Amino acid sequence: MEAWQKALLAWYRAQARLLPWRGEKDPYRVLVAEVLLQQTRVAQAIPYYRRFLERFPTLKALRGAPLEEVLKAWQGAGYYRRAANLHRLAQEVEALPRSYAELLKLPGLGPYTAAAVASIAFGERVAAVDGNVRRVLSRVFALENPAPKVLWELAQGLLPEAEDPGAWNQALMDLGAEVCLPRGPRCTACPLEALCRGKEAPERFPRPRRRRVQEEILAALVLLGRKGVHLERLSGRFQGLYGVPLFPLAELPQRAEAFGVRPQPAGEVRHAVTHRRLRVQVYLAPWDGEGEDPRGRPLPKLMEKVLRQAQALLAHEGVVPLPHAKPQGVEPF
DNA sequence: AACTCGGGGTG
DNA sequence: CACCCAGAGTT
């Protein structure tokens, strides 16, 4: 093993973050952690990791649960397809396969997650390239925009021969998360400083991805029935979750007519989704239908905001549609 | 290769 | 604000 590899592992042993899944070898638990961590910060994932495993401690428990229960456990974590894929995966296999190639075939497992599970839970010698590793390697080798395949082959070639590949992968990720930061990297504290070719201008590597943000103006129609608010199963965005009807603002007249209601404006909520800013005009109307208590359903954060906004207007007018509203989480109407 | 999918932290 | 986060799936 080369000196710099030894240096990184020594740094990792001394500086590794203490995380709930550190040292975990149960492949199911490793999988849940890795899926939750897809495009999600460690601090945000931790409470979901605990809650999800408490609710679904084994693959079998997950398999036996209704999808809606799984989505409810995922509520607020975002990228809800991840939860649906986990649930589907649990139906498809009796136990998790033990190789990278087989794991890669499962729904929701791409090159990163398959490699993470294979290396951490099963000790397979395969590189896991996440955003951290991409940044670390881009800087060490001064690459502005490396292709994923190039990066994977590079990372694969760096894996030490006789070390725990799971620990190695996590060492690179921790280095990216704690030292080789996107902005303001702490190069003087880096065990790879001596060999890093990008350290003179670390923020050039990799080149930032510029995404244009566009605004979208929508309307949310909160219909108050006899037992609560009208909810529908959402499709497209927030697939599989529930919420009040949400549509482009221009469609409000025909939507209102279809429900036979006269909506009144109830304010606006703002919500950001990937490279898009949503401005949602909230409309409220009494409705000749039943409706239901939204707390029983998995709701995206946007719908929590919409319902809170509607609730605020109702409270201001002294209207209490349901007598036993509890001041916790989403209000029931 | 480019787009889509949530939500939140940070400079 | 912009950019990023232990990415994957689709077009």
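Computed from a predicted model, the values in this text were never measured in an experiment. So you know, we letter chains A, B, ... as the sequences are listed, proteins then strands, and number each from 1.
Side-chain contact between Tyr48(A) and Trp74(A): absent, with no pair of heavy atoms (C-beta onward) separated by less than 4.5 Å.
Nucleotide dA6(C) holds its P atom 13 Å from the CD1 atom of Ile120(A), rounded to whole Å. Arg270(A) places its CZ atom 21 Å from the P atom of dG6(B), with the value rounded to the nearest Å. Distance CE (Met303(A)) to P (dG7(B)): 10 Å, rounded to an integer number of Å. Here dG7(C) presents its P atom at 17 Å from CG of Leu103(A), a figure rounded to the nearest Å. Taking atom CE of Met173(A) as the reference point, atom C1' of dG7(C) lies 12 Å away to the nearest angstrom. Here the C1' atom of nucleotide dG9(C) and the CZ atom of Arg81(A) are 5 Å apart, to the nearest Å. The nearest whole Å value for the distance from the CD atom in Glu304(A) to the C1' atom in dG8(B) is 14 Å. Distance, Arg209(A) CZ to dT4(B) P: 12 Å, rounded to whole Å.
The pair Glu257(A)-Arg255(A) does not count as a salt bridge, with every side-chain nitrogen at least 4.0 angstrom from each carboxylate oxygen. Using a 4.0 Å cut-off between charged nitrogen and carboxylate oxygen, Glu292(A) and Arg297(A) count as a salt-bridge pair. Between Arg277(A) and Glu216(A) there is no salt bridge, since no side-chain N of the basic residue sits under 4.0 Å from a carboxylate O of the acidic one. Salt-bridge formation is not detected for the pair Arg98(A)/Glu102(A): no Lys NZ or Arg NE/NH1/NH2 atom is positioned less than 4.0 Å from an Asp or Glu carboxylate oxygen.
Within the 4.0 Å cut-off from OP1 or OP2 of dC5(C), at least one side-chain nitrogen or oxygen of Arg135(A) is found. Side-chain nitrogen and oxygen atoms of His275(A) include none within less than 4.0 Å of the OP1 or OP2 phosphate oxygen of dC3(B). Contact between the side-chain N/O atoms of Tyr80(A) and the OP1/OP2 oxygens of dG7(B) is found at a separation under 4.0 Å.
Qualifying salt bridge (Lys or Arg N to Asp or Glu O under 4.0 Å) partners for Arg55(A), counting only residues two or more places apart in sequence or in other chains: Glu69(A).
As judged by a 4.0 angstrom heavy-atom cut-off over every strand, Gly184(A) is placed among residues making no nucleic acid contact. Among the protein residues, Ala128(A) comes within range of no part of the nucleic acid, since none of its heavy atoms lies under 4.0 Å from any strand. As judged by a 4.0 angstrom heavy-atom cut-off over every strand, Asn169(A) is placed among residues making no nucleic acid contact.
Distances were taken from every side-chain heavy atom of Thr113(A) (C-beta onward) to each of dA2(C), dG7(C), dG7(B); the shortest belongs to dG7(C). Counting only heavy atoms from C-beta on, Tyr79(A) has its side chain closest to dG7(C) among dA2(C), dG7(C), dC1(C). Closest to the side chain of Arg183(A), out of dG7(B), dA2(C), dC3(B), is dA2(C). Between dG7(B), dA6(C), dC1(C), one nucleotide has an atom nearer to the side chain of Lys301(A) than all others, and that is dG7(B). The nucleotide whose nearest atom lies closest to any side-chain atom of Pro208(A) is, among dC4(C), dA6(C), dG6(B), dC4(C). Closest contact between the side chain of Pro182(A) and the listed nucleotides dA6(C), dC1(C), dC4(C) involves dC4(C). The Arg211(A) side chain lies nearest to dC5(C) when the options are dG9(C), dC5(C), dG9(B).
Counted by atom type alone, Gln75(A) and Glu304(A) present one or more donor-acceptor pairs between their side chains at under 3.5 Å.
In this structure, Gln44(A) and Ala114(A) both approach DNA chain C, and ranking their closest nucleotides by distance from the 5' end singles out Gln44(A). Along DNA chain B, the nucleotide nearest to Gln239(A) and the one nearest to Ala147(A) differ in position, and the one closer to the 5' end is contacted by Ala147(A). Checking Pro148(A) against Lys305(A), the closest nucleotide of DNA chain B that is more toward the 5' end is the one next to Pro148(A).
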For this session: Go through the steps to decide whether Arg22(A) and Glu24(A) satisfy the test salt bridge (Lys or Arg N to Asp or Glu O under 4.0 Å), and finish with yes or no.
Result: CA-CA 5 Å; Arg22(A) 276 285 148 80; Glu24(A) 184 60 63; over 6 Å; no

For this session: Would you check, one step at a time, whether the test ring pair (Phe, Tyr, Trp, His ring centres under 6.0 Å) holds for Tyr49(A) with Trp21(A)?
Result: CA-CA 9 Å; Tyr49(A) 174 77; Trp21(A) 47 85; 5.2 Å; yes

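Of the C1' atoms belonging to dG6(B) and dC4(C), the separation is 14 Å, rounded to the nearest Å. dG11(B) and dA6(C) have their P atoms separated by 14 Å, given to the nearest Å.
Counting atom types as modelled, Thr274(A) pairs a side-chain N or O with a base atom of dG6(B) as donor and acceptor under 3.5 Å.
Annotation: proximity of residues 15-42 of chain A to DNA chain B (heavy atom, distance under 4.0 Å) is found for Gln39(A), Thr40(A), Arg41(A), numbered in ascending order.
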